[in-house]
A.B. asks: 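The following block contains the structure, expressed as C-alpha cells.
Letters go in sequence order (proteins before strands), and every chain restarts at 1. Here the structure is a predicted model, which means the values were calculated and not measured. The figures that follow rest on heavy atoms only: side chains count, while hydrogens, waters and symmetry mates do not.
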Amino acid sequence: MKKPFLVPKKPFLALIIAAFSFFNMYTADAQESESQEKAHAEEFIISDVILDHVMDSHEWHLTEGLVIPLPIIVYSKEKGLDFFSSANFFEHHHPVEYNGYKLENNHILLSNSGEPVLDLSITKNVAMLFINTTILLFVFLSVAKAYKTNAGKAPKGIQSLFEPIIIFVRDEIVKPNISHHHERYLPYLLTLFFVVLFGNLLGLLPGAGNLTGNITFTLFLALITFFITNFSGNKNYWSHIFWTPGVPLALRPIILPVEIIGIFTKPFSLTIRLFVAITAGHIVLLSLICLTFIFNSYFVGIGASLVVVFINMIELLVAGIQAYVFTLFTALYIGMATADEHH
Amino acid sequence: MELLTPKTGLLFWQLVIFVPFVFLLIKFGWKPILASLQEREESIQKALDAAEKAKIEMTSLKSDNEKLLKEAREERDRVLREAREAANRLHEEAQVAAKKNADKIIEDAKSIIQIEKQAALRDVKAQVAMFSLEISEKLIKKNLSEDKQQKELVNTLIKDLKLN
C-alpha cells in the first residue's frame, strides 16, 4: 500500500539527509515513492505516512527494493484455512487480488463478498514478537548459563551487564511493593520488565516494527497483570471491593460500582500508558523527519535531523521508564491484592 | 481508529508464543539466575559474618592471653614473695640458733669462770693462810713482848681475813 509522497527535488541530497538520520530509516520510504508518484506530489498526507509506519503491516518494508514478504495465514468459513506469501498481493508495487483474497487498508477481505476473514498472519509485529522473544531467550539463557559456569566467581560479560538490572527490578520494584511471597511473582515481573524494555528498544531500531506501541501487545500484557492480580487477590482485597470498610450504608450503592470499575481501569491504564508513550514518541520522530519533505529544504533537513537525534535519546530514556512503570504498577497491583489488613 | 483496535492475529500469536516463552524463561532463565544471586548474597553474608566472628574470637583470644600473662605475673610475684619470706625465716631461725649458741657458750664460759673463780678463791685462801702464817710468824718474832698489842693485831688480821 503506497501513499502519495512529496518528492524532494534533489533526491541525492535528500538521501544524504536520510543517511544522517540513519538510525531512523523511516525516511527511506520517501526515496522509494519517488519514481512512481511524481504525479501525486502535491498529495503529501503526513498523517497517512506516519500512521503507516506506526501501525502493523503484512509486509516488512525496510527500504526501496527491500521488502520482506511475510506469511499470510487466513481462515474463513467459505475457503477454510489458507497459507501464502504476502508478496502475492503486489505486482510491481501495485496491489492485486490473489486467490480470492484482497488486501485493503491492511485488512484481508474475500474479494467477491468483501467479507473480512480471520487473519492470523505473521505480520510485522508478530515477526517483531518472534524476534523479541528469541533475543530475550537467547540473552537470558546465556546469562543463566554464565551463572552456572561462573558459580562462586565475580560476574562477567553479559552477566554483569544484566545483573544490576535484575537486582534493581528485584530490590526496587518488586520487594518494596509486594510484601508477601514476592519471590512467587518475581520471575514473571522480570520477564515483563525485559519484554517491554527489549520491545521498546527494538522498536527504536531503523526499519523495526512498533511492537510495544501496538495496543494489542500492551492489552495482552495488561490482561496478564489483570489475571494475576485478581487470581492472587486475598480476602482483604475482595472485601475491600465489595464491602469497602468505613463507608456509610447509604453510600455503598455508589462506592460498589466505583470499586468494581476500579478493577478494570487498572489494566486499562496500563494498556493505554505504554501504547501512548511509545506510539507518541514514534509519531514525534516521524513528524520531525517529515518536516524535511514538507519544507523541501536542506536546512530544515539538517535541523530536523539534529532534533531527531536528541529526541531519539529521549526515546531511549522513555523505553527504560515505560518498562519500569509497567512493571512497577503490575507489582503495585499485585501487592495491593495480596496485602494484609491494615486499617 | 485503526491504531486503537486490538487485532486478533497478534493476540493469537502472543497467546501462542507468550505462554511457552514465559515458561521457558522462568524455568531456565530466572530460576537459576535468582537462585545463584541469592546463593551468592548468602555466601557473601556468611563470609562477612565469619569475619566478624573471627574478629570477636581474636579479641577474646587476646584478652585470654592478657589474662594468662597477668596470672603468670601474679604467680611469679607470689613465688618471689614466698621465697623472700622463706629466706627471711631461715635467716631469723639462724639468728635465733646463733644467739642460743652464743648464750650457751656464754653460759658455759660463766660456769667455767665460776669454777675458776672458786679455784682461784681456794688458792687465795691458801695463800692468805700462808700469808697469815708468815705474818703471825713475823709478829711472833717481832712482838713477843707486847702481849696486848699482839693479841689485838692477831684479832684484827683474822677479822680481815674472814671478811675477805
A.B. asks: Between B/Phe12 and A/Ile73, does a side-chain contact (heavy atoms from CB on, under 4.5 Å) hold up when you go through it step by step?
C.D. replies: CA-CA 12 Å; B/Phe12 168 78; A/Ile73 302 165; over 6 Å; no
A.B. asks: Would you name the heavy atoms of A/Leu120 and B/Thr8 that are closest together and state the gap between them?
C.D. replies: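 Heavy-atom minimum between the residues: CD2-O, 4.5 Å.
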A.B. asks: Among A/Asp119, A/Leu129, A/Leu141, who wins on heavy-atom pairs under 4.5 Å with chain B?
C.D. replies: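 Heavy-atom pair counts peak at A/Leu129.
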A.B. asks: By a 4.5 Å heavy-atom criterion (distance strictly below it), what part of A/Thr123 contacts chain B: side chain, backbone, both, or neither?
C.D. replies: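 Contact with chain B: none, neither part.
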A.B. asks: Under 4.5 Å, heavy atom to heavy atom, which residues of residues 32-46 of chain B contact chain A?
C.D. replies: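 Within residues 32-46 of chain B, the residues that come under 4.5 Å of chain A (heavy atoms only) are B/Pro32, B/Ile33, B/Leu34, B/Ser36, B/Leu37, B/Arg40, B/Glu41.
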A.B. asks: Considering non-hydrogen atoms only, spot the tightest contact between A/Thr216 and B/Lys7 and give its length.
C.D. replies: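 Taking every non-hydrogen atom into account, OG1-N, 2.9 Å.
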A.B. asks: Using the side-chain contact (heavy atoms from CB on, under 4.5 Å) criterion, which residues pair with A/Pro69? Sequence neighbours excluded.
C.D. replies: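 Result, side-chain contact (heavy atoms from CB on, under 4.5 Å) vs A/Pro69: A/Ser85, A/Ser86, A/Ala87.
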A.B. asks: Can you tell which of A/Tyr188, A/Phe275, A/Tyr147 has the highest number of heavy-atom pairs within less than 4.5 Å of chain B?
C.D. replies: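 Heavy-atom pairs under 4.5 Å are most numerous for A/Tyr147.
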A.B. asks: Between A/Leu186 and B/Trp30, does a side-chain contact (heavy atoms from CB on, under 4.5 Å) hold up when you go through it step by step?
C.D. replies: CA-CA 9 Å; A/Leu186 183 56; B/Trp30 301 127; over 6 Å; no
A.B. asks: If you draw a 6.0 Å radius around NZ in A/Lys145, do more than 12 non-hydrogen atoms from other residues or ligands fall strictly inside?
C.D. replies: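 Counting neighbours around NZ of A/Lys145, 12 or fewer heavy atoms of other residues, nucleotides or ligands fall under 6.0 Å, so no.
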A.B. asks: Count the heavy atoms of every other residue, nucleotide or ligand shown that sit under 6.0 Å from CZ of A/Phe130, and state whether that count exceeds 12.
C.D. replies: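 More than 12 within 6.0 Å, yes.
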A.B. asks: Say you draw a straight line from CD1 of A/Ile224 to CG of B/Leu15; how long is it, rounded to the nearest 0.5 Å?
C.D. replies: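 So the gap between those two atoms works out to 8.5 Å.
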A.B. asks: Within a radius of less than 6.0 Å around CZ of A/Phe168, do more than 12 heavy atoms belonging to other residues, nucleotides or ligands occur?
C.D. replies: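 Buried by this count: over 12 neighbours within 6.0 Å.
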A.B. asks: Can you tell which part of A/Glu163 gets under 4.5 Å to a heavy atom of chain B, answering side chain, backbone, both or neither?
C.D. replies: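 Side chain only.
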A.B. asks: Sort A/Leu190 into side chain, backbone, both or neither according to what part of it lies under 4.5 angstrom from a heavy atom of chain B.
C.D. replies: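 The answer is both parts of A/Leu190.
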A.B. asks: Do any of residues 86-102 of chain B have a heavy atom less than 4.5 Å from a heavy atom of chain A, and if so, which, in residue order?
C.D. replies: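 No residue falls under the 4.5 Å cut-off.
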A.B. asks: What part of A/Ile166 lies closer than 4.5 angstrom to a heavy atom of chain B: side chain, backbone, both or neither?
C.D. replies: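 A/Ile166 touches chain B through side-chain heavy atoms alone.
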A.B. asks: Relative to chain B, which of A/Leu137, A/Asn214, A/Thr218, A/Leu219 shows the most heavy atom pairs under 4.5 Å?
C.D. replies: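 Winner by heavy-atom pair count: A/Leu137.
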A.B. asks: B/Leu24, B/Ile26, B/Val22, B/Leu10: which one forms the most heavy-atom pairs within less than 4.5 Å of chain A?
C.D. replies: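 Between B/Leu24, B/Ile26, B/Val22, B/Leu10, the count favours B/Leu10.
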A.B. asks: Non-hydrogen atoms of chain B under 4.5 Å away: do they reach the side chain of A/Asn125, the backbone, both or neither?
C.D. replies: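 For A/Asn125, backbone and side chain are both near chain B.
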A.B. asks: Under 4.5 Å from any heavy atom of chain B, what part of A/Ser142 do you find: side chain, backbone, both or neither?
C.D. replies: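 Contact with chain B involves no heavy atom of A/Ser142 at all.
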A.B. asks: Checking heavy atoms, do the side chain of A/Phe162, its backbone, both or neither come under 4.5 Å from chain B?
C.D. replies: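 Neither the backbone nor the side chain of A/Phe162 comes within 4.5 Å of chain B.
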A.B. asks: Please classify the contact between A/Leu223 and chain B as side chain, backbone, both or neither, with a heavy-atom cut-off of under 4.5 Å.
C.D. replies: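 Nothing of A/Leu223, per the 4.5 Å heavy-atom cut-off to chain B.
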A.B. asks: Who pairs with A/Leu136 by side-chain contact (heavy atoms from CB on, under 4.5 Å), at least two apart in sequence or on another chain?
C.D. replies: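 Scan of A/Leu136 (side-chain contact (heavy atoms from CB on, under 4.5 Å), adjacent residues dropped) gives A/Asn132, A/Phe140, A/Phe194, A/Val195, A/Phe198, B/Phe21.
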A.B. asks: At a 4.5 Å cut-off on heavy atoms, which part of A/Ile272 comes close to chain B: side chain, backbone, both, or neither?
C.D. replies: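 The answer is neither part of A/Ile272.
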A.B. asks: Between B/Phe18 and A/Thr133, is a side-chain contact (heavy atoms from CB on, under 4.5 Å) present by the stated rule, with each step listed?
C.D. replies: CA-CA 8 Å; B/Phe18 219 71; A/Thr133 313; 5.9 Å; no
